[in-house]
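Computed over heavy atoms, backbone and side chain alike; hydrogens, waters and symmetry mates excluded.
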Amino acid sequence: MNESSKNENHFLTCERNWVYYALITVAGFWGSYTYLLKGNIFCNAQTGNVVLMAMALGSAQWINALYYLIPISSYIMGSFISELVPNPIKNHFFIRWDTLLILIEILAVIGLGALPESVPVQISQVTINFIASMQYNTFRQAEGVPMATTFATNHIRQIGVGLAKEIQHRNSHKKKHRKKLIKHTKMLFFFATGATVGTILSHIFIGKAIWFTAFPLSIIFATLLHADLTKEKNIFYQKPSGH
């Protein structure tokens with residue numbers, strides 16, 4: 001077995017690059033979906049909500065400030081639960097938490113798409129806050145490279161770092177940085193692609209547009225479940241990188 005095969009076999013299915021590309025595409029879709037249809041809010045990350053809460057506090061808009069505690073608290077709860085449940089899930093259901101989380105996301109988007117348009121947007125906001133937080137905390141490294149699957153800021157930063165290293169090492173044989181540069185560039189591309197597709201489909205299908213994200217999630221779920229029950233059954237308790 002050559003070195004590249006060894007490296008490839010070292011990673012679990014839930015750490016594969018294509019899984020991360022699919023997840024961040026879905027996240028990009030959610031970002032445009034929630035902004036366009038669910039109250040002009042980005043639910044995949046919380047920096048904006050913290051700023052808006054602080055602005056409300058600074059303007060003495062106390063009720064508005066309290067409102068932002070709802071999505072922030074939902075995001076905290078998502079991280080809290082996703083940190084506690086992986087081992088109990090494995091012990092009781094004999095599948096990885098990563099696999100179950102994707103199923104939860106599928107059920108969530110199906111449920112959100114079925115809601116009438118008259119339902120308060122906060123339901124969608126809190127739900128996506130919650131599942132995005134769990135996804136961000138669960139899927140941490142794509143084949144050894146730390147990755148965020150729900151927002152693009154870090155990927156933009158890493159692209160800048162990678163380009164700087166291209167200049168620094170332009171006359172040397174040190175090109176290890178290129179692997180990360182390419183991967184972060186792809187993550188940004190797929191996030192933007194998901195947001196673009198999400199915008200188009202949201203204009204056409206309105207709230208039901210989110211159902212389209214169930215398709216890539218279903219492919220991921222089927223692949224992870226198959227791995228749990230077959231080829232990775234003997235390494236069931238091996239933790240994904242970064243945990």
Side-chain angles (χ1 to χ4, degrees), residues 18-53 64 67-79 81-82 98 100-139 147-156 186-222:
W18 74 266
V19 172
Y20 280 69
Y21 298 149
L23 286 175
I24 201 166
T25 303
V26 168
F29 192 114
W30 290 346
S32 61
Y33 175 86
T34 55
Y35 189 84
L36 284 171
L37 303 177
K38 305 301 176 181
N40 300 120
I41 294 292
F42 293 114
C43 294
N44 297 358
Q46 293 304 300
T47 303
N49 286 332
V50 173
V51 171
L52 291 171
M53 182 179 68
N64 288 342
Y67 168 77
Y68 288 107
L69 286 177
I70 298 174
I72 293 170
S73 298
S74 178
Y75 209 86
I76 290 172
M77 186 58 64
S79 298
I81 290 177
S82 62
D98 314 66
L100 180 60
L101 172 58
I102 299 301
L103 177 60
I104 292 171
E105 292 187 7
I106 293 170
L107 296 176
V109 299
I110 291 174
L112 290 177
L115 294 176
E117 298 298 329
S118 58
V119 168
V121 296
Q122 288 80 5
I123 294 176
S124 295
Q125 291 175 2
V126 169
T127 301
I128 294 180
N129 277 318
F130 185 67
I131 60 177
S133 175
M134 292 195 293
Q135 179 177 303
Y136 175 43
N137 192 48
T138 299
F139 292 88
M147 290 286 172
T149 61
T150 59
F151 53 88
T153 304
N154 184 56
H155 302 301
I156 294 172
K186 287 182 178 179
M187 292 290 280
L188 179 60
F189 169 79
F190 283 111
F191 184 84
T193 299
T196 301
V197 174
T199 300
I200 295 169
L201 295 180
S202 293
H203 285 310
I204 298 173
F205 297 100
I206 316 178
K208 291 179 172 53
I210 199 171
W211 281 346
F212 285 90
T213 63
F215 293 109
L217 290 173
S218 296
I219 294 172
I220 297 172
F221 173 71

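- For Asn137 and Ser82, the side-chain atoms include at least one donor-acceptor pair closer than 3.5 Å.
- Taking CG of Leu101 as the reference point, atom CG of Leu217 lies at 9.0 Å (rounded to 0.5 Å).
- Atoms OG and CG, on Ser133 and Asn44 in that order, are 11.0 Å from each other to the nearest 0.5 Å.
- Residues Ala132 and Thr150 approach most closely at O-CG2, 3.4 Å, considering heavy atoms.
- For Phe151, the ring pair (Phe, Tyr, Trp, His ring centres under 6.0 Å) criterion is met by Tyr136, not counting sequence neighbours.
- Rounded to the nearest 0.5 angstrom, Ser218 OG and Leu103 CG are separated by 9.0 Å.
- A side chain to side chain contact (heavy atoms under 4.5 Å, CB included) with Ile24 is found for one member of Met147, Lys186, His155 and no other, namely His155.
- Remark: Leu52 CG to Thr47 OG1 distance equals 11.0 Å, nearest 0.5 Å.
- Considering all non-hydrogen atoms of both residues, Gly207 and Leu37 come closest at N-CD1, 3.9 Å.
- With sequence neighbours excluded, no residue forms a side-chain hydrogen bond (donor to acceptor under 3.5 Å, both in side chains) with Glu105.
- For the pair Thr213/Trp30, a side-chain contact is recorded, criterion being any heavy-atom separation below 4.5 Å from C-beta on.
- Between Tyr20 and Phe139, the ring planes are perpendicular. Angles over 60° get that label, and only those under 30° would be called parallel.
- Nearest heavy-atom pair across Tyr75 and Cys43 is CE1-O, 4.1 Å.
- Here Thr153 pairs with nothing under the side-chain hydrogen bond (donor to acceptor under 3.5 Å, both in side chains) rule; sequence neighbours left out.
- Remark: Leu112 CG to Ile128 CD1 distance equals 5.5 Å, nearest 0.5 Å.
- Applying the side-chain hydrogen bond (donor to acceptor under 3.5 Å, both in side chains) test to pairs two or more places apart or on separate chains, those with a residue in residues 111-129 are Gln46-Asn129, Tyr67-Gln125.
- Residues satisfying the side-chain contact (heavy atoms from CB on, under 4.5 Å) criterion with Trp18, sequence neighbours excluded, are Arg16, Ile219, Ile220, Thr223.
- Applying the side-chain hydrogen bond (donor to acceptor under 3.5 Å, both in side chains) criterion to Thr149, with sequence neighbours excluded, gives Gln135.
- When all heavy atoms of Ala45 and Asn49 are compared, the closest pair comes out as O-ND2, 4.4 Å.
- With sequence neighbours excluded, the residues satisfying side-chain contact (heavy atoms from CB on, under 4.5 Å) with Ile76 are Ile72.
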Would you list the atom pairs, donor with acceptor, under 3.5 Å between side chains in residues 187-203 and any protein atom, with sequence neighbours excluded?
unit_1: Thr193; atom_1: OG1; unit_2: Phe189; atom_2: O; d: 2.8
unit_1: Thr196; atom_1: OG1; unit_2: Ala192; atom_2: O; d: 2.8
unit_1: Thr199; atom_1: OG1; unit_2: Ala195; atom_2: O; d: 2.8
unit_1: Ser202; atom_1: OG; unit_2: Gly198; atom_2: O; d: 2.7

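- Residues passing the side-chain contact (heavy atoms from CB on, under 4.5 Å) test with Val119, sequence neighbours excluded: Leu115, Pro116, Ile123.
- Distance check, rounded to the nearest 0.5 Å: CG of Leu36 to CD1 of Ile206 gives 11.5 Å.
- Remark: Thr34 engages no residue in a side-chain hydrogen bond (donor to acceptor under 3.5 Å, both in side chains) (not counting sequence neighbours).
- Taking 4.5 Å as the limit, some side-chain heavy atom of Phe221 sits within range of a side-chain heavy atom of Ile106.
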